[in-house]
Colleague: 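Below you will find the structure I want to go over with you.
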Amino acid sequence: MTDSATANRETLGFQTEVKQLLQLMIHSLYSNREIFLRELVSNASDACDKLRFEGLHNAALFENNPDSQIRIAYDKAARTLTIADDGIGMNRDEVINNLGTIAKSGTREFFSRLSGDQQKDANLIGQFGVGFYSAFIVADKVTVTTRRAGENADQGVRWESDGGGEFSIEMVGKDTRGTEITLHLREDQDDLLDGQRLRGIVRKYSNHIVQPIVMFKEEWKDGANVVTDEDETVNQASALWARSKNDITDEQYKEFYKHVGHDFDDPLAWSHARVEGRQEYTQLLYIPARAPFDLWDRNARHGIKLYVRRVFIMDDAEQLMPQYLRFVRGVVDSADLPLNVSREILQESKDIEAIRKGCTGKVLGLLSDMAENDKEKYAKFWEAFGRVLKEGIGEDYANKDKIAGLLRFASTNADTPEETVSLKDYIGRMKEGQEKVYYVTADTFNAAKNSPHLEVFRKKGIEVLLLSDRVDEWALSYLTEFDGKQLASVAKGGLDLGKLEDEAEKEAQQKEADEFKPLTDKIKASLAERVKEVRVTHRLTDSPACLVADDHDISGNLARLLKAAGQNAPASQPILEINPQHPVVLRLKSEEVRFDDWAAVLFDQALLAEGGQLDDPATFVKRINQLMLEIGGH
Ligand code: ADP
């Protein structure tokens, strides 16, 4: 407490993150400075929505004035701009919390990603959502006077800051509920003190705001402050989603998205529809262009704004969207739900289930459409949200096939992980005689691409899907076939190429299996418990050996993922397969003295090649060195 100009005035420090955010924002968003008005009007509108909702249960909050509007006043002489609302307002604690800290989940993680590079950080900050603090882009001092609805007139709070490290706070009188934010403009911001200019900004960014926005001019005339009501309501002031599609421009859809999505960028796509049937509702759903910084944060706010007959009910109604579509933003406005619906009720409501089903169908339809008709856009979507969408394979049984159609995979036919293929396209270009969709899973794209399990497929020119997302193993365990074709891991079970192999090949293989029986038996005896079985394979051309999982066991990759996640993987032994053509294997046939070392190295290198970890790396290294010396002729 450093300031005591008024008895109850205190000076408090901003949370470190706020200081960082302020610095960053002032510098990196300057070229976009007019967005401050959108952010403040958006907050004012949210505050009016909250009042309307709380007022449903407690009419006293309206203080005999149920209408809410947003007022923008400018004063050329004082060089100030004021944004006032009749919303819910804030009490002292709320002011300190809301305007002194950043409460968003993932904040720390967000700040750890800032690079110091202004251009890059400016992009990030858009994802984070700029909000109230954007006032400091144009103002060098901001004064907030607010009173929570329903409190006495002496319970007003004044907050003030110059955007440095601190803010002051004191109790003041305030007759009307709601919040008034006065911006003391920076030197070079006088162009904002103009009704025409301000109306332009409001129409550009805030036309969709439901509350009327009214403009005032304040002047000092003949020794008194004269306030002139400049004109009628500046904005359209009707719920955008309730209007007919034909009356809404793309620009308006985009601006509305920035409001509901707390995003800086345009959305990738949207779907606006009025649904009639068992449930009557309007939905306006958006697919963002990029992932929010907290997409993987389980506690992140997500979901849809729920309205009932235009009355705002709640933010983040996660019941309206399945988890795997958590990136979707937008509004659902129900005509049938009761106004006093709570989160608890939502959880059990059959009506909500019907709405969720409808919304899910809409989003999947929108995505299918995009995948079909705008491949470039879909690639962008996939890059941002593909990994999340994959969760749907396991989560949404009813839509599994639809989601499977939306999946994209890297493949041995492409050079980079970005060039992807759909299951449909894969099947369309399968080789003659090929009956299955083949895939390999690994930790990284490169490990998948270079997996020894692919060797025979490469030789025969058969395409294999390369899966390296963590979620792939899990998702694919729910997807055993697509369009009548079985999906088969190349690292599981015996190699069965079906009609891709001819009779002669099969016969030759059987002969080799018999011929190598003594060797495979001997290796099995040497490795004992480490392997379930040792057998000859034809899947290898370059490598001497590889590991495969038995048909009903979990793959090595999945076992490693589970272990990394701290979960118990069911114990399963791999099968060691050896390449009967490989010189190392042929050499092993005649090895007597160091057979156990050779067998152990064969096993260990197969484990390494598929991205596994050795139990006892030191012994492996010792054995390798020993073998190198022997080759050297010592
Ligand atoms: P966000 O709006 O994304 O939560 P902001 O920094 O814009 O972040 O605002 C922080 C919080 O301050 C809001 O969540 C809200 O609780 C409160 N707030 C901001 N403006 C107002 C206002 N005009 N009336 C009431 N509360 C407000």
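Both counts, for ligands and for their atoms, begin at 1 and track the order of listing. In this chain, numbering begins with 1 at the start of the sequence shown.
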Colleague: Return the option from Ile70, Asn43, Thr101, Ile83 holding the heavy atom at the smallest distance from atom 9 (O) of ligand 1.
Modeller: Asn43
Colleague: By the definition side-chain contact (heavy atoms from CB on, under 4.5 Å), identify the one residue from His208, Gln283, His272 that meets it with Trp241.
Modeller: His272
Colleague: What I want to know is whether Tyr133 and ligand 1 share at least one N or O pair that is separated by under 3.5 angstrom.
Modeller: no
Colleague: Quick one, Phe216 with Thr82, criterion side chain to side chain contact (heavy atoms under 4.5 Å, CB included). Give me CA distance, side-chain angles, the key distance, then yes/no.
Modeller: CA-CA 9 Å; Phe216 296 91; Thr82 301; over 6 Å; no
Colleague: Have Glu166 and Thr11 got a donor and an acceptor in their side chains that come within less than 3.5 Å?
Modeller: no
Colleague: Test your reading of the structure: does Phe132 have an N or O sitting under 3.5 Å from an N or O of ligand 1?
Modeller: yes
Colleague: Can you find a side-chain donor-acceptor pair between Glu39 and Ser134 that sits under 3.5 Å?
Modeller: no
Colleague: Counting heavy atoms only, which part of Ile181 comes closer than 4.0 Å to ligand 1: side chain, backbone, both or neither?
Modeller: neither
Colleague: Applying a 4.0 Å heavy-atom criterion (strictly less than), which segment of Glu94 is in contact with ligand 1: side chain, backbone, both, or neither?
Modeller: neither
Colleague: Do we see a donor-acceptor contact under 3.5 Å between the side chains of Tyr74 and Asp194?
Modeller: no
